[in-house]
Amino acid sequence: MPRPTVNRKPFGAHGNTAVDVWTLDSGTGVRAEILTYGGILHRLTVPDTGGAPASVVRSLAALDDYTGKNPFFGALIGRFANRIAHGRFTLDGAAHQVPATDRGHALHGGPEGFHTRVWQASGEATGTAAVLRLTLHSPDGDMGFPGALDVTVTYTLDTAGTLALDYTATTDRATVVNLTNHSYFDLGARGDILGHTLQVDADRYLPVDEDGIPEGPAATVDGTPFDLTVPRTVGERIAIPDEQLRRAGGFDHCWVLAEPGADVRRAARLTAPDAERIMEVWTTEPGIQVYTANQLDGTLAAPGGGRHDRHSAVCLETQHLPDSPNRPDHPGTVLRPDEVFRSRTEFRFPHLPATA
């Protein structure tokens, strides 16, 4: 029986620092390619129901494309994913300022967040999985955040074809932490995801203002385009006349999941047209940000030709809720020196045949 494997190859250099691409192969048809730059999930190859392989994540052609301006393609996001209003928060009586580069607010940890760093990497293959461990040290004051933070993100691809991301972090001083992966998913390779169906296992979401900041407490999805409690076609939902959709240009909202716990539970199910591929997202996190690539405009090239156009993919970002450092009603994001941040997200592909 084929066994999982792990391989490493050069992918270029960022300044004077070498960048590698690590390939995790399940041995059963699923393969993940991950860059040490930004911890980027560069490709995730998954067979369809007929056995034809294709990558289900949108990627860029070269390292220079990733290090240049791009909307976080496939990257690990930190120290704080999503937005912090005005880039300001107060922790233990001290005020902190993160660069406010998105309409006057902080986004995804600042312009030099974890998505711009070269991570240290080590890989191993076992009889049941291919594993890549990425580590990063973020010093005290990094992008305005207090405390020195040590982060480990472990990518694990098992023989069932499930790709899991385990996040851990420790700090020497109280800080805020919110980590995620920003992959752009496209299961059908048809040019857009408007024909995909999406189900989100949540009955509440966070309405946002014109800047993408939550307006207030979570609102019910009942009677709105955000009701994805049963599978809905993405293109049909975001075409519904609605003020929230107008503000974002589609979905760019956080759904509030059931109370988190130590175990993962399903957050979303994405299905390609004709159901040739199906992906489920399972997580320990309290929220999932659904983003329908509203700002992609065709200026970024894909490997092998083609462009990344508007609504050509969907991001399913498991995370704590946006602006949590300023919202005492949200699940807490404060990490203290005697604690360990832990989070797990799994991408499962139930259309694949079961392995022995």
Side-chain angles (χ1 to χ4, degrees), residues 71-72 77 80-86 102-109 178-186 192-194 196-260 265-270 279-281 283 285-296 310-327 329-331 333 345:
F72 309 98
I77 303 298
F80 198 92
N82 216 311
R83 293 170 176 85
I84 298 175
H86 309 293
D102 180 65
R103 292 170 288 181
H105 308 286
L107 176 64
H108 292 332
N178 190 19
L179 307 177
T180 194
N181 175 273
H182 205 292
S183 288
Y184 286 75
F185 292 100
D186 172 14
D192 63 53
I193 46 82
L194 299 178
H196 285 51
T197 60
L198 177 62
Q199 182 176 6
V200 177
D201 299 321
D203 58 11
R204 295 181 299 152
Y205 82 107
L206 291 175
V208 296
D209 64 17
E210 295 280 358
D211 294 337
I213 301 297
E215 288 186 309
T220 180
V221 301
D222 189 38
T224 76
F226 299 86
D227 186 352
L228 304 178
T229 53
V230 297
R232 309 280 193 179
T233 304
V234 172
E236 293 178 358
R237 300 310 281 182
I238 65 175
I240 295 172
D242 179 85
E243 177 61 17
Q244 282 293 309
L245 294 175
R246 183 201 66 77
R247 291 177 182 180
F251 291 144
D252 191 6
H253 297 77
C254 190
W255 273 252
V256 181
L257 304 172
E259 289 299 317
R265 76 281 197 221
R266 198 181 76 167
R269 180 181 174 97
L270 183 67
M279 184 180 76
E280 293 184 344
V281 183
T283 189
E285 285 296 294
I288 183 168
Q289 184 86 7
V290 178
Y291 173 54
T292 47
N294 313 319
Q295 303 303 317
L296 294 184
R310 190 171 190 236
H311 305 319
S312 60
V314 60
C315 301
L316 300 169
E317 307 161 48
T318 57
Q319 58 187 249
H320 272 59
L321 309 185
D323 199 31
S324 287
N326 296 310
R327 310 286 176 126
D329 55 319
H330 288 183
T333 54
T345 293

Looking only at atom types and distance, does a side-chain atom of [X] sit under 3.5 Å from a main-chain N or O of [Y], one as donor and one as acceptor?
X    : Y    : value
R327 : P214 : yes
E285 : H320 : yes
D227 : T229 : yes
Y291 : E317 : no
N294 : A248 : yes
Q289 : C254 : yes
S183 : F185 : no
R103 : E210 : yes
R265 : T283 : yes
D186 : A313 : no

Closest non-hydrogen atoms of L296 and S312, given as atom of the first, atom of the second and distance, are CD1-OG, 3.6 Å

Of all heavy-atom pairs between V314 and V290, which one has the smallest distance, and what is that distance? CG2-CG1, 3.9 Å

What's the spacing between [X] [atom1] and [Y] [atom2] if we round to 0.5 Å?
X    : Y    : atom1 : atom2 : value
T292 : R310 : OG1   : CZ    : 7.5 Å
D222 : D203 : CG    : CG    : 9.0 Å
H311 : F251 : NE2   : CZ    : 10.5 Å
T333 : L179 : OG1   : CG    : 10.5 Å
W255 : L206 : CH2   : CG    : 10.0 Å
I288 : L321 : CD1   : CG    : 12.0 Å

Beyond-backbone contact of [X] with [Y], side-chain heavy atoms, under 4.5 angstrom:
X    : Y    : value
S324 : N178 : no
R266 : Q199 : yes
P207 : F226 : no
Q319 : N82  : yes

Of the options L228, V221, V200, which is the one that meets Y205 in a side chain to side chain contact (heavy atoms under 4.5 Å, CB included)? V221

Should the ring pair H182 and H108 be called parallel, tilted or perpendicular, given that the plane angle runs from 0 to 90° and is split at 30 and 60? perpendicular

Parallel, tilted or perpendicular: which describes the rings of H86 and H105, with under 30° parallel and over 60° perpendicular? tilted

Give every residue pair that meets the salt bridge (Lys or Arg N to Asp or Glu O under 4.0 Å) criterion with at least one member in residues 233-245, sequence neighbours excluded. E243-R246, E243-R247

Apply the salt bridge (Lys or Arg N to Asp or Glu O under 4.0 Å) test between R83 and each candidate in D209, D252, D211; give the one that qualifies. D252

